[in-house]
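Presented below is the structure to which this report refers.
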Amino acid sequence: MSSTPAHSSKAPEESKTQVDISAQRPQRDKLQWEFSGLTIWVELEEFGNDITKAIQGMAEIHGTEVIPQGHMTAIYGMDHLCVEEAKKRLRSVPEKNQSLAKIQ
């Protein structure tokens, strides 16, 4: 008479079949927002494509497009600045950070 131990490494047949939840969701429409103006974003450092894999996985789960680059948007839609003024202001950030550090 043979018996299977209580903590067998063999999985029951039911657990061998995984449900693909992305196949159950319809593809969503593309974003309807029309981007305009200037945008500042921070590109994130990746380790073993961890962010890219997370983005791809979430896009599959939620039926959305995969964004081309993992990033955090700092600000977008700056229509009130010309390119040169935006560059000037962005270049002044390190100086302002040093001034703030001295105050604290």
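- Atom CG of L81 and atom CD1 of I75 lie 8.5 Å apart (nearest 0.5 Å).
- The pair E85-R89 counts as a salt bridge, with a side-chain nitrogen and a carboxylate oxygen less than 4.0 angstrom apart.
- Results of the side-chain contact (heavy atoms from CB on, under 4.5 Å) test with K53 over N49, D50, I55, I51 single out N49 as the only residue that passes.
- Applying the side chain to side chain contact (heavy atoms under 4.5 Å, CB included) criterion to A59, with sequence neighbours excluded, gives T64, V66.
- Separating the CE atom in M78 from the OG1 atom in T39 is a distance of 6.5 Å, to the nearest 0.5 Å.
- Distance CD1/I40 to CG/L90: 5.0 Å, rounded to 0.5 Å.
- Y76 and V42 fall into different hydrophobic clusters, where Ile, Leu, Val, Met, Phe, Trp and Tyr are joined by side-chain heavy atoms under 4.5 Å apart, directly or via other members.
- In this view, E45 and F47 satisfy the side chain to side chain contact (heavy atoms under 4.5 Å, CB included) rule, not counting sequence neighbours.
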